[in-house]
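Input: a single structure, listed below in C-alpha cells.
Order of listing sets the numbers, starting from 1, for every ligand and every atom in it.
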Amino acid sequence: LKAICVTPSRELEVRDIPLPSDPPPGHVLVDMDASAINHGDKTFLARPLATGGYVPGSRHDVWGASGSGKIAMLGPGVPADYMGKQVAIYRSLSRSPDTVGLWCERAQVPYTSCLILPDHVRTRDYCGSLVNVITAYAFLQEIAAEGHKGVIATAGSSATGYALASLARRRNVPAILLVRSIAARENLRRYGVEHVILTEDENLEGKLGKLAAELGTTAVFDGTGGDLIGRIAPSLPMNSTIYIYGLLGGAAPISLPAVLFMMKNLMIRRFSNFESATVKDLRNLGAALRELQPVIDDPMFMTRIGREFDFDQISQAMDYEAIPGTKAVLVASS
Ligand SMILES: NC(=O)c1ccc[n+]([C@@H]2O[C@H](COP(=O)([O-])OP(=O)(O)OC[C@H]3O[C@@H](n4cnc5c(N)ncnc54)[C@H](OP(=O)(O)O)[C@@H]3O)[C@@H](O)[C@H]2O)c1
C-alpha cells in the first residue's frame with residue numbers, strides 16, 4: 001500500500017506500508033480518492049509546535065490531515081449507514097493511536113473524523129473541505145457562547161472565509177468579509193454574500209467602522225495577521241476580540257497602539273479548531289457533523305483544486321502555489 005510518510009528529519013517520502021484490513025472498534029477503512037494539501041499540512045511539518053502542543057500521530061508515520069474517499073469497511077460499533085458512503089475526512093477531529101493517516105491509498109480513522117457526503121457530489125471536490133468547514137462552524141459556536149453577535153473575516157476569499165460566510169448566513173449572524181481584490185469581491189457577491197469590503201480601499205477604515213458599528217461585528221476571524229490587523233483595529237466596535245486562527249500574512253508583525261486596548265476593551269487571542277469545544281467534546285462533534293451533513297454540498301464549501309498530483313510527485317505538490325487560493329491535490333492511484 002502506497003503512502004506518503006514523514007521521516008524523523010521531517011521530510012516526506014513515499015513508502016510501502018501494510019494494508020489495513022481489520023478496523024478496530026469505532027474506526028473505518030477508507031479507500032482514499034484524493035487529499036488536498038492545506039496550509040496546516042505544510043505548517044505543522046516545518047513547525048510542529050505551531051499546533052500549540054498537539055502533534056497528530058499516525059501508524060507508519062503517514063502524513064496528511066484532509067482527504068476524501070469511500071468507506072470500505074466498518075469496525076465494531078460504527079453505525080451501519082457509513083458503509084460504502086463517500087466521505088470528507090479531517091483527521092484531527094478524533095485522536096486515535098490506531099489512525100493510519102490520509103496520504104495513503106487506504107486510511108484507517110475513527111468514524112467521527114468523517115462526514116458523509118451526498119451521492120450526487122464528486123468526492124474529490126470535498127477533499128480539503130472538512131477542516132475549513134468545521135473550523136468556521138466551531139468558531140461561530142465559540143463566539144456565540146462568548147456573546148458576540150457578528151463577525152469580520154480578514155481572509156474573506158480563503159476557504160475558511162468562504163465557509164464562515166456561508167455558515168454565518170445560515171445562522172443569521174452578520175458577517176463582513178475583507179478581500180484584497182475586486183475579483184475576489186465579485187466572486188463572493190456571486191454567491192450572494194452581502195458585506196464585502198476591499199482592503200485596498202482608501203477608505204477601508206471609514207467603511208469598516210460604519211458597517212461594523214451598524215452590524216455589531218465584535219468578533220474578528222483573522223487568518224492573516226500582519227499589518228491588516230493594525231489597520232482595522234481602530235475601526236472595531238467596543239468589546240471586540242480578534243481571534244488569530246491563520247498565518248497567511250507570514251511573519252509580518254502586528255502593530256497596535258496600547259491605547260486601543262484601553263479605549264475599546266480590545267482582546268487578541270488564538271483560535272484553533274482542535275482546541276475548540278466543538279471538536280474536543282465528542283457529543284458536540286457529533287452534533288456538528290449531523291448539522292453539517294445536509295448542507296455540505298454547498299458550493300461555497302467545495303475545495304478549489306489547482307492541480308492534481310500523483311504520490312510520486314509529492315515534492316512538486318508541496319511546492320505548488322501557482323494559483324492563489326487553489327490547492328494542490330494528491331490523487332491516490334487505486
Ligand atoms: N486554526 C485553525 O483551526 C485553522 C483551520 C484551518 C485553516 N487554518 C489556517 O487558516 C489560514 C487560511 O487557510 P485557508 O485554507 O482558508 O486558505 P486558502 O483557501 O488557501 O486561502 C488563501 C487566500 O486567502 C487570501 N488572502 C488574504 N490575505 C492573504 C495574505 N496575507 N496572504 C495570502 N493570502 C491571503 C488570498 O485570496 P486572494 O488571492 O483572493 O486575495 C488567498 O488566495 C491558513 O494559515 C491555515 O493554516 C487554521
When distances are taken from atom 32 (N) of ligand 1, the protein heavy atom at minimum range is L248 O, 3.0 Å
For atom 28 (N) of ligand 1, what is the nearest protein heavy atom, given as residue, atom name and distance? T224 CG2, 3.4 Å
Is the backbone N or O of L236 less than 3.5 Å from a side-chain atom of K264, with the two atoms forming a donor-acceptor pair by type? yes
Heavy atoms only: which of A153, S158, S272 lies closest to atom 22 (C) of ligand 1? S158
Could E291 and R170 be called an ion pair, given the rule that one side-chain N must be under 4.0 Å from one carboxylate O? no
Got the closest protein heavy atom to atom 7 (C) of ligand 1, with its distance? T160 CG2, 3.9 Å
Please list the nearest protein heavy atom to atom 5 (C) of ligand 1 with its residue and the distance rounded to 0.1 Å. T135 OG1, 3.1 Å
Nearest protein heavy atom with distance in Å, relative to atom 45 (O) of ligand 1: L247 N, 2.9 Å
Under 4.0 Å from a heavy atom of N273: which atoms of ligand 1 are those, numbered in the order shown and with their elements? 2 (C), 3 (O), 5 (C)
In the protein, what heavy atom is nearest to atom 17 (O) of ligand 1, and what distance, to one decimal place, separates them? H39 NE2, 3.3 Å
Heavy atom of N132, distance to ligand 1 below 4.0 Å: yes
Hey, looking at atom 4 (C) of ligand 1, which of F274, Y245, Y162 has the closest heavy atom? Y245
For G249, atoms of ligand 1 separated by under 4.0 Å from a heavy atom: 31 (N)
Donor-acceptor contact below 3.5 Å, side chain T199 vs main chain V179: yes
Pairwise distance NE2(H195) to CG(L208) - rounded to 0.5 angstrom: 12.0 Å
I'd like to check which ligand 1 atoms, numbered from 1 as shown, lie under 4.0 Å from a non-hydrogen atom of A159. 16 (O), 18 (P), 19 (O)
Consider every N or O of S157 and every N or O of ligand 1, then say whether any pair is closer than 3.5 Å. yes
Quick one: does any side-chain atom of T154 pair with a main-chain N or O of G223 as donor and acceptor, under 3.5 Å? yes
Where ligand 1 meets F271 - atom numbers and elements under 4.0 angstrom, heavy-atom basis: 1 (N)
Please identify which atoms of ligand 1 are closer than 4.0 Å to at least one heavy atom of A184. 40 (O)
Which hydrophobic side chains are connected to M267, either touching it within the sub-4.5 Å cutoff or through other members that do? none
Would you call D33 and R122 a salt bridge, taking side-chain N to carboxylate O under 4.0 Å as the test? no
When distances are taken from atom 11 (C) of ligand 1, the protein heavy atom at minimum range is G246 CA, 3.8 Å
R190/E186 ion pair, N-O < 4.0 Å: no
Let me know which of T160, T135, D222 forms a side chain to side chain donor-acceptor pair (under 3.5 Å) with Y245. T160
Linking directly or through intermediates, with side-chain heavy atoms under 4.5 Å: list the remaining ILVMFWY members grouped with V331, chain and number order. I305, V329
Between K280 and E275, is there a salt bridge with N-O shorter than 4.0 Å? yes
Under 4.0 Å from a heavy atom of K327: which atoms of ligand 1 are those, numbered in the order shown and with their elements? 14 (P), 15 (O), 17 (O), 18 (P), 19 (O), 20 (O)
Let me confirm one number: the CD1-CD1 distance from I244 to I268, rounded to the nearest 0.5 Å. 5.5 Å
Nearest neighbour in protein (non-hydrogen) for atom 34 (N) of ligand 1: R180 NH2, 3.5 Å
Return yes or no for this condition: an N or O of G223 is under 3.5 Å from an N or O of ligand 1. no
